[in-house]
S.K.: 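Here it is, the structure in full.
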Amino acid sequence: MSNTSSSKTLEQRVAALEAILEIENLVAIEQAYHGAQDSVGAHDATFARREDTAFIPFGNTYTGFDKIRERLVGSAASQAGKTGMLYEHAMATPIIEVADDGMTAKGVWLSPGFVSQPGGQNSGGAVFSWHRYGFDFIKEKGVWKILRDHVYTDIDAGVGKTWANELRAGSPNAAALSTSGTLDAPNTPYSPKAPPPLAPRLPEPYSTYRETFKY
Amino acid sequence: MSVAINRREVIKSSVALFGFALTCPIAIEAATEGQMPLALRIQRLDDANQIRKLMARFCYFNSAGLYDAALKLFALNTAGVSVKLPEWGVYTGKQQVRRAIVAVPQFLDKAHDAGMKKLFPDRQLPSRAGILQEMPLLTPLIQVAGDARTAKAMWHSEGIDTRFDEAEQKLQAYWDYKRFGVDFIRERNQWKIWHLLVVPSFRTRYTESWVDTSANKPLLLPAGADALKGAPGGAELASYDPKRKVTVLPRIPDPYHTFTQTFSY
C-alpha cells in the first residue's frame with residue numbers, strides 16, 4: 001500500500017517530482033533517437049543494463065539488455081542506407097507513478113505518431129501510426145532507465161485513408177523489427193469487431209516494485 | 001536532476017535566485033556530497049514548470065495572431081537572442097527577432113487575407129478569417145542548468161494549419177508537424193526564450209502524403225517572402241526530403257551546470 005502524498009516527507013515529494021521530470025526526459029530521449037532511425041542509440045541511452053529488461057513491441061517480447069540490442073542491430077542493418085525514412089512517436093497524456101521507495105516508477109502515454117517508408121504501399125509510404133505505451137522504470141546507478149517498454153498498436157492509416165476498416169496485418173514499425181521475439185504479450189490494435197479495452201493498465205500509487213504488475 | 005555542484009556554486013546560485021547565500025551547514029554539507037539543497041531542487045522544478053507555461057503561451061499567442069505578445073516572451077535584452085525558422089532562415093538580435101516573430105507571420109496573414117478576398121469578393125471578412133493554426137506541445141525534454149540561470153528544452157509539435165493555398169488558389173487545411181529546440185534564459189528574474197530553433201518534420205495538405213508533397217507538390221511561400229528572409233540556415237532547417245537520411249534534430253540536451261558547458265540552439 002502506498003503512502004498518500006500528505007504522509008510523505010517534503011524530501012520524498014520533491015524526489016518524486018524530480019523523478020517525473022527525469023522520466024519524461026528519458027522517454028523524450030528514446031523517441032528522439034528513434035526519430036533519427038537510431039534504435040540502437042535509443043536502446044543504449046535509455047534501457048537498463050539488466051537481464052530482465054524487456055522491450056515488447058506489438059505483441060513481441062524481447063528480454064535482456066544485450067538480447068534486445070542484438071535484435072535492434074539486426075533490424076538497423078536492414079534499414080542502413082535508406083533515405084526518406086521518418087519515424088516520430090510524440091508522447092502525450094502521461095500518467096507517471098513513482099514508487100514510495102523511489103527505486104522504480106511506472107508510466108503510460110498515448111502517442112499520435114507517423115512513419116514514412118518511401119516506396120511503401122500506403123500514400124507513398126506516409127502513415128499515421130498511433131501507439132500507446134506502458135513503461136516500467138528503474139533507477140540504475142542513480143539514473144532513471146527503462147526496465148520494460150511495452151508498445152501497443154492503436155491505428156496505422158495512410159494519409160487520407162480511414163483506419164475504420166479491417167486492420168492491416170502488422171504495422172510499419174513491426175515490419176521494421178525482426179519478428180523473432182516471443183509473441184506472447186497483449187496488443188490491442190483497433191478493430192471494428194471489438195470495443196476498445198483500457199490498455200495499458202493505468203498505474204496506481206505503489207510502495208515497491210514487488211507489489212505491482214509488470215508492463 | 002543529477003547535476004553535481006560544489007560549495008561555491010551553491011552560494012553563487014542561491015544569491016542569484018533568492019538574493020541571499022545558502023550558507024547553512026546542511027546545505028553546504030549536502031553540496032559537498034553532490035546533493036543540491038532542497039530549496040534549489042524545488043526552485044528547479046518550479047523553473048521547469050515556468051518554462052512549460054512560457055512555451056505554451058508562445059503557441060497560444062501565435063494561434064490567436066497575437067504576435068506582439070509572443071515577441072514579449074523573448075529575451076530581447078540579452079545578447080544573442082535568435083530565431084531559426086524553416087524556409088525563412090536565421091534571425092539574430094532584437095530587431096531581427098521582431099522580424100521573425102511579428103513581421104513574418106503578419107506577412108503570411110496579409111497574403112492569406114488577400115487570397116480570401118479573391119475567394120469571397122463580395123464579403124467583408126475580418127483579417128485572419130479562415131486561419132486556424134495550432135501547435136500542441138508534446139514529448140517535453142527540459143534540462144534546467146545547475147546554476148538555474150538558463151535551461152534547454154525540446155518538444156514535438158503535431159499541429160494543424162488552415163490558410164489560403166497559393167498553389168491551389170483555395171482555402172486549404174494542412175498537417176504542420178515540427179520540432180522545437182529552445183534555450184531559455186532568466187532575464188530580470190523572468191524566464192524568456194533566448195534561442196528558438198524550429199525543425200520541420202513535414203507540412204502537407206491534409207489529404208496528401210508528405211512524401212508526395214515533398215517530391216511532387218511543394219508548398220509555396222507567397223510572393224514577396226524573400227524580402228523578409230533571414231540569414232541562410234543550416235541543414236537543420238531543411239524540410240523533409242525522401243532522398244535524405246534523417247538525423248537527431250534538434251540536438252538532445254544533456255544535463256549541464258552553466259551555459260558555457262553546452263551548445264546553443
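Keep in mind it's a predicted model, so treat the numbers as computed, not measured. Note: hydrogens, waters and symmetry copies are ignored here, and every other heavy atom, side chains too, is used. Order of the sequence lines sets the chain letters (A, B, ...), proteins ahead of strands, with each chain counted from 1.
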S.K.: Find the distance between CZ (B:Arg244) and CE (A:Met85) and round it off to the nearest 0.5 Å.
M.R.: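 Those atoms lie 14.5 Å apart.
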S.K.: Show, in sequence, the C-alpha distance, side-chain angles and deciding distance for B:Val246 and A:Tyr87, and conclude whether the side chain to side chain contact (heavy atoms under 4.5 Å, CB included) test is met.
M.R.: CA-CA 9 Å; B:Val246 176; A:Tyr87 292 80; over 6 Å; no
S.K.: Where do A:Thr83 and B:Pro242 come nearest, in terms of heavy atoms and distance?
M.R.: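 Shortest heavy-atom separation between A:Thr83 and B:Pro242 comes out as OG1-O, 2.9 Å.
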S.K.: Enter the distance from A:Glu18:CD to B:Ile42:CD1 here, rounded to the nearest 0.5 Å.
M.R.: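 So the gap between those two atoms works out to 9.0 Å.
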S.K.: Can you confirm whether or not the ring centre of B:Trp175 sits under 6.0 Å from the ring centre of A:Phe114?
M.R.: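 So the answer is no for these two rings.
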S.K.: Keeping B:Tyr240 on the side-chain end and A:Gly84 on the backbone end, is there a donor-acceptor pair under 3.5 Å?
M.R.: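 Yes.
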S.K.: Please indicate whether A:Lys214 has more than 12 foreign heavy atoms, meaning atoms of other residues, nucleotides or ligands, lying under 6.0 Å from its NZ.
M.R.: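 Not buried by this count: 12 neighbours or fewer within 6.0 Å.
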S.K.: Restricting to non-hydrogen atoms, name the atom on A:His89 and the atom on B:Thr139 that form the minimum distance, rounded to 0.1 Å.
M.R.: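 Taking A:His89 first and B:Thr139 second, the nearest heavy atoms are O-OG1, 4.5 Å.
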S.K.: Please report the closest heavy-atom contact between B:Pro140 and A:Asn25, naming both atoms and the distance.
M.R.: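 Looks like O-OD1, 3.9 Å.
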S.K.: Begin from the C-alpha positions of A:Glu88 and B:Ser201 and carry the test side chain to side chain donor-acceptor pair (under 3.5 Å) through to its verdict.
M.R.: CA-CA 9 Å; A:Glu88 196 163 294; B:Ser201 293; 3.1 Å; yes
S.K.: So how far is it from B:Asn49 CG to A:Leu21 CG, rounded to the nearest 0.5 Å?
M.R.: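 With rounding to 0.5 Å, CG (B:Asn49) is 10.0 Å from CG (A:Leu21).
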S.K.: Looking at A:Pro112, A:Ser111, A:Ala90, which makes the most heavy-atom pairs under 4.5 Å with chain B?
M.R.: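 Top option by heavy-atom pairs under 4.5 Å: A:Ala90.
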S.K.: Could you tell me which portion of A:Gln37 (side chain, backbone, both or neither) has an atom closer than 4.5 angstrom to a non-hydrogen atom of chain B?
M.R.: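 For A:Gln37, the contact with chain B is made by the side chain alone.
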S.K.: Flag the one option from A:Leu17, A:Leu86, A:Thr93 with the top tally of heavy-atom pairs under 4.5 Å to chain B.
M.R.: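 Answer, by heavy-atom pair count under 4.5 Å with chain B: A:Leu86.
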S.K.: Kindly give the heavy-atom pair with the smallest separation between A:Glu11 and B:Leu38, and that separation in Å.
M.R.: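 So the minimum-distance heavy-atom pair works out to OE1-CD1, 3.7 Å.
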S.K.: Are there over 12 heavy-atom neighbours, none belonging to B:Tyr60, within less than 6.0 Å of that residue's OH?
M.R.: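 No - once you tally the heavy atoms of other residues, nucleotides and ligands closer than 6.0 Å, there are 12 at most.
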S.K.: Quick check for you: among B:Arg52, B:Met154, B:Arg205, which has the greatest number of heavy-atom pairs under 4.5 Å with chain A?
M.R.: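 Of the candidates given, the most pairs with chain A belong to B:Arg52.
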S.K.: Given the options A:Trp144, A:Trp109, A:Phe128, which has more heavy-atom pairs under 4.5 Å with chain B than any of the others?
M.R.: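 The answer is A:Phe128.
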S.K.: Among B:Leu138, B:Asp241, B:Thr247, B:Leu141, which residue has the highest count of heavy-atom pairs closer than 4.5 Å to chain A?
M.R.: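 Counting heavy-atom pairs under 4.5 Å, the top option is B:Leu141.
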S.K.: Can you give me the closest heavy-atom contact between B:Val211 and A:Ala126, atom names plus distance?
M.R.: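 B:Val211 and A:Ala126 have their closest heavy atoms at CG2-CB, 4.1 Å.
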S.K.: Where does A:Ala19 contact chain B at under 4.5 Å (heavy atoms): side chain, backbone, both or neither?
M.R.: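 Contact with chain B involves no heavy atom of A:Ala19 at all.
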S.K.: Counting only heavy atoms from other residues, nucleotides and ligands, does the tally under 6.0 Å from CH2 of B:Trp191 exceed 12?
M.R.: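 Yes, enclosed.
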